[in-house]
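Residue numbering restarts at 1 for every chain, and letters A, B, ... go by the order of the sequence lines.
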2 protein chains.
Amino acid sequence: MNSQQAVTLLFALAQEARLDIFRCLVQAGPAGLSAGVISQTLHIPNSTLSFHLKELSHAGMISAKQESRFIYYSANYQSMNALLTYLTDNCCAGQAACCPDMQCQPTKENE
Amino acid sequence: MNSQQAVTLLFALAQEARLDIFRCLVQAGPAGLSAGVISQTLHIPNSTLSFHLKELSHAGMISAKQESRFIYYSANYQSMNALLTYLTDNCCAGQAACCPDMQCQPTKENE
DNA sequence: ACTATATTTCCATAAATATGGAAATATAGC
DNA sequence: GCTATATTTCCATATTTATGGAAATATAGT
């Protein structure tokens, strides 16, 4: 994970519709949701939704899985964790005192 | 912290120059850096830097403190932690199993 | 092949962001 | 007040991003 990759992920989430979509998928769990369901849930027109899904997908924040006529989108937890790890790793230049309110302790390596 | 606030913070970081600036400040610590030093370090013209500093500042990711002729900018760790907390709080809808690689355990409330 | 449904692409347009030189505005020392 | 330095604002321009209707494409059941 470098600065550019982080920007890509941050940018993907830095838009109301996309953050809503992503959180929707996060809550839906690994099974994901079809584009149609997302469209109905968030009241986003198909073309607009498709645009944002592509953005999220291209950034690697979500994954798509075709199943019959439906395409199920699901959150890419790994990317999210990598982003958190990246931001956290560089937090306070390693001085824990700067981050009194949060202690992130990865249980596994996630490079 | 709501969706809009999160978008504001994410957007502030979702730009190469701004992410670089922010990380620069994070590593510099609470004392911060003057605009001139940042400009020289990252090779960003004054006007461009000023634009990005304003963006970061307006979003609440950094703080400014005038000291004689210099203005020292420093990272706002609280905002960063709040953002991480927000993203983490809603991760996997509370099911830890979705986030095997990261366990964020805030030691204090940070609402 | 035909039909129905799901999703994406096309396209034009609108809106927001980014850039950096030049001028303006602080601030402080003399 | 003058000068030097630090930083910001102004401004025009370039670039990117967002929007959604209509048409195109894909998939599956009959």
Problem - Phe11(B) side chain reached by Arg18(B) side chain, heavy atoms, under 4.5 Å - result: yes

Handout entry: Phosphate OP1/OP2 of dT19(C) contacted by His52(B) side-chain N/O (<4.0 Å)
Key = yes

Problem - Proximity to the side chain of Ser47(A) - top-ranked nucleotide from dA18(D), dA22(D), dT8(D) - result: dA22(D)

Practice task
With a 3.5 angstrom cut-off on both distances, give the Watson-Crick or G-U wobble partner of dA23(D), or none if there isn't one.
Solution key: dT8(C)

Practice task
In whole angstrom, give the distance that lies between atom CD of Glu16(A) and atom C1' of dA15(C).
Solution key: 16 Å

Problem - Residue pair Thr41(B) / Leu33(B), side-chain heavy-atom distance below 4.5 Å - result: no

Fill in the blank from the handout: Under a 4.0 Å heavy-atom criterion, the protein footprint on nucleotides 25-30 of chain C, written with B, S and -, is --BS--

Problem - Rounded distance (Å) that lies between atom C1' of dA18(D) and atom CG of Leu53(A) - result: 14 Å

Exercise for the section: Measure from NE2 on His58(B) to P on dT8(D) and round the result to the nearest Å. Expected result: 15 Å

Practice task
Answer whether the closest heavy-atom distance between the side chains of Ile21(B) and Leu49(B) falls below 4.5 Å.
Solution key: yes

Exercise for the section: Output, in order, the C-alpha distance, side-chain angles, deciding distance and verdict of side chain to side chain contact (heavy atoms under 4.5 Å, CB included) for Tyr77(A) and Val26(A). Expected result: CA-CA 8 Å; Tyr77(A) 296 113; Val26(A) 161; 4.2 Å; yes

Exercise for the section: Determine: side-chain N/O of Thr48(B) to OP1/OP2 of dA18(C), distance under 4.0 Å, yes or no. Expected result: no

Fill in the blank from the handout: Glu55(A) atom CD is separated from dT16(D) atom P, nearest whole Å, by 13 Å

Exercise for the section: Would you kindly give the CZ-to-P distance between Phe70(A) and dT27(D), to the nearest whole Å? Expected result: 14 Å

Practice task
Hey, could you give me the CZ/CD1 distance between Arg69(B) and Ile71(B), rounded to the nearest 0.5 Å?
Solution key: 12.5 Å

Exercise for the section: Name the residue closer to the 5' end of DNA chain D, choosing between Phe51(B) and Ala14(A) according to the nucleotide with the nearest heavy atom. Expected result: Phe51(B)

Completion exercise
Whole-Å distance, Leu19(B) CG to dA18(C) P, equals 13 Å

Practice task
May I ask you to evaluate whether Arg18(A) reaches the phosphate of dA18(D), defined as a side-chain N or O under 4.0 Å from OP1 or OP2?
Solution key: yes

Practice task
Verify the contact: side-chain N or O of Lys54(B) to OP1 or OP2 of dT7(D), cut-off strictly under 4.0 Å; return yes or no.
Solution key: no

Problem - Per Asn46(A) side chain, nearest of listed nucleotides dA18(D), dT8(D), dT8(C) - result: dT8(C)

Handout entry: Tyr72(A) side chain near Ser63(A) side chain, heavy-atom distance below 4.5 Å
Key = no

Practice task
Considering just the side-chain nitrogens and oxygens of Ser50(A), establish if one lies under 4.0 Å of OP1 or OP2 belonging to dT8(C).
Solution key: yes

Practice task
Any chance you could measure Leu56(B), atom CG, to Leu9(B), atom CG, to the nearest 0.5 Å?
Solution key: 10.0 Å

Exercise for the section: Describe the nucleic acid contact of Phe11(B) in one word from base, sugar-phosphate, nothing, applying a heavy-atom distance below 4.0 Å. Expected result: sugar-phosphate

Completion exercise
Rounded to the nearest 0.5 angstrom, the CG-CG distance for Leu25(B) and Asp20(B) is 11.0 Å

Fill in the blank from the handout: Contact check, residues 33-40 of chain B vs DNA chain D, heavy-atom distance under 4.0 Å, returns Ser34(B), Ala35(B), Gly36(B)

Exercise for the section: Using whole Å, report how far CG of Asp20(A) lies from C1' of dT19(D). Expected result: 16 Å

Practice task
Would you mind reading off the distance between Gln15(B) atom CD and dT17(C) atom C1', rounded to a whole angstrom?
Solution key: 9 Å

Handout entry: Straight-line distance of Ile62(A) CD1 to Met80(A) CE, nearest 0.5 Å
Key = 14.0 Å

Exercise for the section: Report yes if some heavy atom in the side chain of Ile38(B) is under 4.5 Å from a heavy atom in the side chain of Leu53(B); otherwise report no. Expected result: yes

